[in-house]
Amino acid sequence: MTRFYCLLIFLCPLVILSGQTFPTYTIEGKIISANGGSPLDAHLTLLHKFNTLSASKGSFTLKLLGADTLTISHTGYQVKKLPVSNLTQTPLVIILSEKIQELKEVVVSTGYQTIPKERATGSFVLIDSSLINRSVTTNILSRLDGVTSGLVFNKNILASNEQMGIAIRGRNTIDEKVNANPLIILDNFPYEGDLSNINPNDVENITVLKDAAAASIWGSRAGNGVIVITTRKGKYNEPLKLIFNSNFTISNKPDLFYPRNFLPASGFIDLEQFLFNKGFYDNNLSNTTNFPGLTPVIEILAKKRSGQLSASDADAQIAALQKTDVRNDFTKYVYQKSFNQQYSLQMRGGNNTHSYIASLGYDNNRNTLVRNGYDRLTINFLNSFRPLKNLEITGGVTYTETNTRNNNQVAFGSLSTSLNYSGNPYPYAQLADGAGNALPITKTLRDKYKDSLTKLGFLDWQYRPLDEIQLSDNTTKLSHRLIRAIIKYKITSYLDIQLAYQNEKQVSNTRNFMSESTYYVRNMINTFYNPSGANDLRKYPVPRGGILDLSNANLGSDNIRSQFNLDRSFGNSHAVTAIAGTELKEIRTDGFSRRSYGYDNTFGTGFSTINYDSTFKTNPSTNQRIQSTSAGITGTTNRFVSWFVNAAYSYKKRYTFSISGRQDGANIFGVKTEQQITPLGSVGFSWNISDEKFYHTKELPYLRVRATYGFNGNVYNASAYLTGLYQSTGLNSNRFLTVLSPPNPELRWERVRNINLGLDLRLIRSILSGSIDVYQKTGLDLIESAPLAPSTGFTSFKGNAASNQTNGIDLILNSKNLDGKFKWTTSFLWNYQKDKVLHFDTKYLSTTLANYNVGISTQAASGLYAVEGKSLFGMYSYKWAGLDKTNGDPQGYLNGAVSKDYLSIISSTPIDSLVYSGSSRPSMFGSLLNTFTWKNFSVSINITYKLGYYFRKSSTGLNYQDALSNPTINADYLLRWQNPGDELKTQVPSLVYPNNTNRNVFYQNSAALVEKADHIRLQNINLSYQLDKTQWHKLPFSSVQIYVFANNLGLLWKANKAGIDPDYTAAFSMPDPSSISIGCKINL
Amino acid sequence: MKNYYILLLLSTVLLFSCKKWLDIKSNLSDVTPGTLEDYQAMADNDAIINTGTPGLALNSSDNFYVTYTTWQSLNATGRNCYTWTAEVYEGASPQDWSWPYKSLEMANIILEGIASIPVTQTNQAQWNNVKGSALFIRAMVFYHLAQTFAPSYTASTAATDLGIPLRLTTDVNIQSTRASVEQTYLQIIADLTAAENLLPIVAAYQTRPSKPALYGLLAKTYLNMGNYTKAQDYANKALTLYSSLLDYNGLTASSTAPLPVYPNNTEIIYYSTSFLPTILLNNSPITDSLLYQSYSANDLRKTVCYRLNTNLPIFKGFYTGKTNSFFSGIATNELYLIRAEANARLNNTAAALTDLNTLLQKRWKTGSFIPVTAVTADDALAKILTERRKELPFTGSTRWEDLRRLNKEPAFAKTLTRVLNNQTYTLSPNDPKYTLPIPDDEIRLSGIKQNIR
């Protein structure tokens, strides 16, 4: 730690304010325009004196204490700085020259080098700071949503290897063991920590690398695209700049009435009554072994049947419950309006030999779930020194500390009651009484049983969800630090060498203290409680007191890179830029978890004499051991080594050729060294047609074509050998080994072939500018798992045999519709992509393809829905023939004829007779961003769209008993066919008892439930007002911006008529509530 | 320029020093099995090897019944097994088939892996134990699969009856084919015989195979084949090495699961549990009334193994001591009964009765037991078989195995009937439905022949 602090001090910028006193003196002067010499009422500031003044008719008088720097600014003129002292000659004549409007050179970053966009052959997207700062979020990556060409956020159903939900130009990998997320680079190196550690206020810009020429420098990790985040840096010879930014965001409570997987009390009670009358609950009612929990309605019905309750009383009680809706209680007591605060202060500047940046950020978020929240502190220092003419040393530290409070574990859809309706309690549950006091709800065990125990010394066994929120004490503290150092030495004017090092360390500690009052602990103590035990130890095998769970996860990474940079021109015609180097990387993780029983939070004491070995008789009826704490430590070490070279040659700035190559190696466990290493590369070409002598089209002053070809790769994170895993949770205390996968020594890395053709153009006066890229991405040697007969002992086998292809177009158009006092610009993004599977060995059965129950996450293990010639995310269903008029049975087709032989439809419909709707991922998406500026006001409105895809809506189970439990409890129950004629109004079949499994499976997988997902969304609006000191001289800062940002404003149009937002179709998912942010940004 | 050379040197070093650097394992707990310890740890994987013998067939057996209401609330596999319908799974793939093959693959990996480990003086004992264990595990898998998915052993047709796929190598690319019933039983015997001199007399854990466990499995195998001499011989060999019996007088009958839990049931030689038969999972099957009535009042099993729920007997005497956990391993109570039955069939009436009485004495209230007597060997046999049903009503699929083999003897053949909603279902002796179908995914992926029901 001492070393760490030393470094901090070393890196801290030294801003020394002069404390000496000098005699006062006066400076008089005049400010005139360089063009004509007219006097200017410019604005004057002094560095060491915080009051400011303006010239009057061009003249001014200043009183000064000592030497200082005078800054003179005026709208439309270049800012001028002058050193002043008592030796300055007066009157001073200051000549200001007019600002020349010039196009800033756009520079993109690959993480290895920065390249002017005009000279890059590859497909890059640059998101600059104004676009990043347009939105207000805690997380940096979410600011890319809806503004990045070729990049889509899939919000719904994600496979296990694409948790980020970000897809750049589709997906070119299949197996779950291959990472399908884009690679995230922070400045120079891949970022391994939690992405939410990055403070968006520290980010200067983001470059998205889409094709091979852009991304191939990242080799085997670039197959899914690369996102390069570049942080702000200080500049040499820049006066001190202080920027303060703060904002507040309030969002509504989520709409609990949106999810369809909920059956309101009336329908639910109706169903329970039906099943009760059929005797469905009789076994549970008479079960005196386990005393399974039953809902209040079933208890009332049972009492009514046995005569304990009169029919009228029972009916009255049920009628009262019918009016209750637990969603109201959830909204009122479990949710709140969220409130996020963000503060950031940044200081940067530099002199001739030193540049620095220091920033401090603090976020405090109150979640929509009561007692949940998040706060984050970020500290960032970066310094560059030029001690010698040719040497530059850069060093920096970033430190992040976050604190996540996770006390509310009873969110709508995640409150488990073990009553067969897991996910939510029965809809007529009451969480609180009229006065707001927490009420118990039935969970696991019947009240009858619990009541009989109170006399025996059991603890209260009731479950009150609202109390649990208050009792919970569950926080995760994370700290992350990143140290980096770069040494750059200029060997000659055109060649330099640099050595970069980065070390990352992240520590995450979760502490979950459950006091004896929590249900979890009471339940555990009661389960093991033995009233006849001789002493406390025998009575309470799980001791009285709380339970403390601690877990720890550590991450560390080291990167080191040495690199040569060449940038040389020969004469006026030839220019060469090149980099070459080598890189080593190691990522380590380890972690453990432990538990203390009988924990006393005041003294930090716990029981150390827990008997984990014996099996105890537990209440009400089983035998269990006390869950012991895991004794092991998990850990991984991944190492990579790479060599890379990247070169570009330009002739007369007209033609550019680029070439890159990279070879990667990794310690993928079990593979031979030769196969650990894979070479990848790319070539590119661009031609500035508008620079040619023969080009005379004045209306189109800029025209350029680009073409690239090359390969990226994907890392396979599993083994090619037969591997096993040591475990120790068997019947005995010895360790044992589980075999994980059958061997395949032939396994290789995946490759992605990229072809990209691009055209950049700009019309006269930039009325219209933009680019169009046409691409083809082909995944080759993709890992697939071939199913094996169960008698082999394994279910599947991995091999490199699959391939798929995505063809697409990315279009970016920027237009200046109005220019003048009132400005209107439009930025339009349109992305089209169509993917198909070229080769896949497993021939899926139609049952698997159409199965609603096999989510993408499960299917990813075996290969999504890969069918040759179809999309990887194909949506398949059984052809639907409507409802039977006489009884509301669902009808399908068998061999072309209308049929109700569900078993045969399911088992023998050939794949080509299934309805293939298309992909469940958008084939067209993009946004329309309109910005209006008038004087200092600016409004921008972003409309996003996703088109050309499908989703499967959830519906009720068709068996009375399924209709009560996950995942088929659904409001569609209320729309079911009940009487002849209903088939004209509804597509929901009638329900049956006893179960007819196949009838339900057919319906759930039928085309009746497939809907078009196309929609257009008003994503957000930003309104800002900018005020400059040059405009309003009394302003105490040089500029201030006040902004309002409204997000998640809702759908403008959707193709489906079922009222479903296609971005939120999973069970219990609710649309992100609308939010409004207000903030200000001050440049001091 | 000096700096330049240093940096150049550094990057060159980086370039060439990485081959070794990549030779580190990625996951701390991962291993490529290769050592004797690894193979022992594989054989010790009780979470797979000792937990999943097939339990499906018990759904079709006769020791219990369910009400129409309960039957309606079952899943398709449970309903179809109960009514002996030709189609059973309706698309589901029960683990009763796939799970034992997982154990088998582990046994084969061990056998292939251990072949390349040289035997030395110091590792001899462990090497023997590992190899013997793998052979025993393989035999155990084949034995249990054959009881559910292949027809019962009939000497005259065994050579042509379809047995189960006998996979003896680890190569997953080799297609499975069905061996004959004869080959299946011969393989079980061959594996066990090969392991006979490798296994220890006492295993460190009840989950590890031992010599008495091996003899016990051989006794069970020969009993199923109708070879009573060998069944008697091996039961005898097993009991000579281990014969402890549990006195039911020491149990708390009122408890919800009175038998001692692992590893405290001293009758158990080799611990293993079966998959839960779907019906019995529901906690609602009612014990066959004739079976329940056959326990006399002084027979402790009447209260230890059953509870009354609205006057209907419900089974609770799980041999594992855990609710809803069915024992399917090797234990002395069954071995006493095998030796008794074999002796009776071999006309050694006195020896048969001694074994039966030794066992029953431990099951009755102290002082109340009157030893069973029999005039003829046949009389003794009938009594032994009755007691066998009473002692092992829900132990693995023993009852199912007994129905299958005893059906071949007219004296003991039984027609099973079920009544649901006034509809009667029957299963006549030796019906092909006594062999359960092989799950559909296996048929589809390996193309082996389905059982005709």
Side-chain angles (χ1 to χ4, degrees), chain A residues 279-280 282-283 286-290 489 491 497 499 562 581-582 584 615 617 621-623 634-639 641 643 665-667 669-670 673 676 721-726 730-732 734-739 742 787-794 797 847 903 906-907 961 994 997-998, chain B residues 3-4 7 10-11 14-15 18-19 21-33 38 41-42 44-48 50 69-70 72-73 76 90-91 97-98 101-102 104-106 109 165 167 172 176 205 207 255-257 261-262 282-284 309-310 321-323 439 441-442 445-446:
Chain A
F280 179 72
D282 291 359
N283 282 320
S286 64
N287 186 335
T288 49
T289 313
N290 302 326
Y489 184 77
I491 301 162
I497 177 165
L499 196 67
S562 63
T582 171
L584 291 177
T615 306
K617 299 275 179 205
S621 67
T622 42
N623 301 290
T634 56
T636 58
T637 306
N638 286 311
R639 286 179 174 176
V641 57
W643 303 265
N667 68 325
F669 186 54
T673 312
Q676 288 171 337
Y721 282 166
L722 173 90
T723 52
L725 179 72
Y726 268 112
L731 285 164
N732 306 305
N734 61 337
R735 63 177 190 174
F736 64 84
L737 195 104
T738 301
V739 173
L788 291 171
S791 58
T792 59
F794 291 104
F797 177 83
T847 32
L903 180 61
I906 291 168
S907 58
Q961 61 198 81
T997 314
N998 294 323
Chain B
N3 295 329
Y4 164 60
L7 290 169
L10 235 158
S11 48
L14 280 177
L15 264 163
C18 60
K19 288 253 170 183
W21 196 67
L22 291 179
D23 286 338
I24 181 174
K25 75 175 178 178
S26 174
N27 193 338
L28 195 64
S29 52
D30 268 1
V31 62
T32 293
D38 292 338
M42 267 170 95
D44 278 341
N45 193 333
D46 57 64
I48 291 177
N50 301 65
T69 324
T70 306
Q72 282 181 304
S73 66
E90 297 190 12
W97 171 269
S98 56
Y101 275 109
K102 272 204 234 178
L104 176 69
E105 178 72 5
M106 301 241 281
I109 291 170
R167 298 189 63 93
V172 294
S176 295
Y205 309 106
T207 49
S255 171
T256 41
V261 293
Y262 182 87
N282 263 13
N283 202 23
S284 50
N309 186 14
T310 53
K322 292 169 92 171
T323 338
D441 54 347
E442 176 70 38
L445 291 162
S446 65

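Sequence lines set the chain letters: A, B, ... in the order given, protein chains first and strands last, and positions in each chain run from 1.
Contact tally against chain A (heavy-atom pairs below 4.5 Å) for B:N309, B:V172, B:T69: the top residue is B:V172. Of all the listed residues (A:G793, A:S791, A:A789, A:G635), the one sharing the greatest number of non-hydrogen pairs under 4.5 Å with chain B is A:S791. Note: B:P33 leads B:P439, B:S255, B:S446, B:P33 in heavy-atom pairs under 4.5 Å with chain A. Put simply, of A:T997, A:L725, A:L731, the one with the most heavy-atom pairs under 4.5 Å next to chain B is A:L731.
Using a 4.5 Å cut-off between heavy atoms, B:M42 contacts chain A through both its backbone and its side chain. Both the backbone and the side chain of B:N45 come within contact range of chain A, with heavy atoms under 4.5 Å apart. Only the side chain of B:V261 comes within less than 4.5 Å of a heavy atom in chain A; its backbone stays farther off. Using a 4.5 Å cut-off between heavy atoms, A:S286 touches chain B through backbone and side chain atoms alike. The part of A:F794 that comes within reach of chain B is its side chain, from C-beta onward, which places non-hydrogen atoms under 4.5 angstrom from that chain. Neither the backbone nor the side chain of A:D282 comes within less than 4.5 Å of any heavy atom in chain B.
Rounded to the nearest 0.5 angstrom, A:L788 CG and B:S98 OG are separated by 12.5 Å.
Counting only N and O atoms by type, the side chains of B:T207 and A:N732 include a donor and acceptor under 3.5 Å apart. A donor-acceptor pair shorter than 3.5 Å cannot be found between the side chains of B:R167 and A:T792.
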Carefully, step by step, assess A:I497 and A:I491 under the rule side chain to side chain contact (heavy atoms under 4.5 Å, CB included). CA-CA 7 Å; A:I497 177 165; A:I491 301 162; 3.8 Å; yes
In sequence, state the C-alpha distance, the side-chain angles, and the governing distance for B:D38 and A:Y726, and then conclude on side-chain hydrogen bond (donor to acceptor under 3.5 Å, both in side chains). CA-CA 9 Å; B:D38 292 338; A:Y726 268 112; 2.5 Å; yes
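Counting only distance, with no hydrogens or angles, the side chain of A:K617 and the backbone of B:A257 share a donor-acceptor pair below 3.5 Å.
In B:K322, the NZ atom is not crowded: 12 or fewer heavy atoms of neighbouring residues, nucleotides or ligands sit closer than 6.0 Å.
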